[in-house]
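Atoms considered below: every heavy atom in the structure, side chains included; atoms not considered: hydrogens, waters and symmetry mates. We count ligands from 1, going down the list as the structure has it; atoms in each ligand are counted the same way.
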Amino acid sequence: MTNISLQCRECKKEYDATFKYICDECFGPLDVRYDFPTINKDTFASREQTYWRYLELLPILEKSNIVSIGAGMTPLLKAEKLGQKLGLNNLYIKNDSVNPTFSFKDRPAGIAVSKAKEFGLSAVGCASTGNLASATAAHAAKAGFSCHVFAPSDIEHAKITQALSYGANYIAVDGTYDDANRIAAQIGDSKGIGIVNINMRTYYVEGSKTLAFEVAEQLGWKVPDQLVIPVGSGAMLNAICKGFEELQSLSLIDDVSSMCITAAQPQGCAPIVDAFKKNSSVVPVENPDTIAKSLAIGDPGDGNYVLKRLKQYNGFAEECTNKEILDAILLLARTEGVFTEPAGGVAVAILKKLVEEGKIDKNDTTICYVTGNGLKATEPLMEVLQKPEVMQADVAKISAVIR
Ligand SMILES: Cc1ncc(COP(=O)(O)O)c(C=O)c1O
Ligand SMILES: [Zn+2]
């Protein structure tokens with residue numbers, strides 16, 4: 001049985017693991033700390049093919065509170081063809097676009113909704129750039145909870161359709177993600193709703209640690225050399241670091257300090273990259289403008305912590321243009337058969353850049369996190385792909401154009 005407590009990331013003050021996310025003393029964020037039971041590599045081997053296989057490393061205390069829609073244990077694809085194109089011998093794609101709601105957000109949302117159940121709540125919600133909306137709504141549907149989504153009104157059509165289909169109460173905010181986030185925070189507190197990425201953030205982020213656990217296990221409990229991670233708020237990048245560190249503390253993997261971690265952001269909303277390059281703290285972007293709408297978070301909650309992680313892990317931060325994102329989406333699709341949304345395109349575009357700049361050795365074990373599915377954001381691609389011409393159902397005519 002796992003024991004958990006909370007600890008302030010800043011002043012280190014400890015708290016019981018209650019429905020709480022900010023330190024009373026210094027307003028710092030709270031993290032979950034574990035008193036892990038004895039675990040070895042075989043503990044997980046025969047378990048279910050979802051991220052719930054790591055239950056002892058997650059903050060849910062009672063198995064009966066698990067709300068699962070079968071997320072996790074997504075493929076770690078050896079990307080031979082893309083690797084060849086880029087000049088990498090050991091490139092892997094962590095394909096999280098094939099989760100049940102088609103993004104990595106099923107990981108943190110599933111943990112937060114389960115924790116909401118453990119706390120006896122019956123209403124959840126989120127501030128979302130699109131993907132979290134569906135992940136939260138789907139888990140809420142499974143749990144029988146109501147779900148309130150706050151998202152900018154201009155996100156992709158498919159993401160809105162998807163969240164509505166799971167039955168969410170969808171609030172389309174005329175503003176940026178940061179506006180939606182501010183409103184969700186106030187409504188969550190005043191109405192006692194578990195807003196998964198705000199007042200439940202302490203627990204929510206724990207779900208994304210499983211992106212580290214799975215990669216380590218799928219590599220045969222090896223530590224990768226390079227990680228390329230698309231970044232919006234920075235919560236996922238931080239959680240991946242925490243995940244690898246916890247595996248090291250359990251002696252399941254070797255020392256992780258030699259890993260190199262890169263934050264990938266789109267031009268038009270790259271506050272963390274800007275800060276990294278200027279060696280300053282993060283200055284919010286007021287009006288994000290990028291086709292990578294899921295990364296359009298102008299004021300990243302974990303931005304300064306990402307900067308710390310990049311220092312700790314010999315890392316880089318890079319940005320790419322809309323054109324580079326679209327090229328990268330097509331490159332990944334046409335080499336590996338993986339269709340990603342722009343956030344995944346950002347990761348692949350930056351991976352390419354890092355190789356070109358000589359920042360990745362050709363033999364490095366390199367993990368590129370592809371975090372969302374292409375079907376969620378077809379609009380920008382249809383601007384560059386040639387629409388098929390409608391042809392008469394005539395064999396001779398069609399035969400004439402097949403070469
Ligand atoms: C597909 C996808 N990838 C990456 C991210 C970035 O995650 P984070 O905000 O934790 O940095 C998001 C955020 O919404 C996303 O939807
Ligand atoms: Zn504190």
Any heavy atom of [X] closer to ligand 1 than 4.0 angstrom?
| X | value |
| --- | --- |
| Leu295 | yes |
| Tyr369 | no |
| Ser103 | no |

Out of all atoms in ligand 1, which are within 4.0 Å of some heavy atom of [X]? Include the element for each.
| X | result |
| --- | --- |
| Thr129 | 14 (O) |
| Ala235 | 10 (O), 11 (O) |
| Gly232 | 6 (C), 8 (P), 9 (O), 11 (O) |
| Ala343 | 1 (C), 2 (C), 3 (N) |

Which heavy atom in [X] sits nearest to a heavy atom in [Y], and how many Å separate them?
| X | Y | result |
| --- | --- | --- |
| Leu295 | Gly232 | CD2-N, 3.9 Å |
| Lys376 | Thr101 | CE-O, 3.0 Å |
| Ser114 | Gly110 | OG-O, 2.7 Å |
| Ile39 | Glu56 | CD1-CB, 3.7 Å |
| His139 | Ala135 | ND1-O, 2.8 Å |

**Prompt:** Counting heavy atoms only, which of Lys376, Glu341, Lys105 comes nearest to atom 14 (O) of ligand 1?
**Reply:**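 The option holding the nearest heavy atom is Lys105.
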What's the shortest distance from [atom] to any protein heavy atom, and which residue and atom give it?
| atom | value |
| --- | --- |
| atom 10 (O) of ligand 1 | Met236 N, 2.9 Å |
| atom 12 (C) of ligand 1 | Phe104 CE2, 3.6 Å |
| atom 16 (O) of ligand 1 | Asn131 ND2, 2.8 Å |

**Asked** What is the distance from atom CD1 of Ile367 to atom CD1 of Ile229, rounded to the nearest 0.5 Å?
**Response** 10.0 Å
**Prompt:** Quick one: is the NZ or CZ of Lys115 closer than 6.0 Å to the six-membered ring centre of Tyr204, and within 45° of its axis?
**Reply:**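 No, cation not above the ring by the 6.0 Å, 45° rule.
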**Request:** Answer yes or no on whether Lys117 is positioned over the face of Phe145, meaning its NZ or CZ is under 6.0 Å from the six-membered ring centre and within 45° of the axis.
**Result:**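 No, a cation-pi geometry is absent between Lys117 and Phe145.
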**Request:** Heavy-atom distances under 4.0 Å are what count here, so tell me which part of Thr371 touches ligand 1: side chain, backbone, both or neither.
**Result:** both
**Residue pair Asp16 / Thr18, side-chain donor-acceptor N/O under 3.5 Å** = no
**Asked** Between SG of Cys8 and SG of Cys26, what angle is found at the Zn ion (ligand 2), rounded to 10 degrees?
**Response**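 That angle works out to 100° after rounding to 10°.
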**Prompt:** Rounded to 10 degrees, what angle sits at the Zn ion (ligand 2) between Cys11 SG and Cys23 SG?
**Reply:**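 Output for this angle: 100°, rounded to tens.
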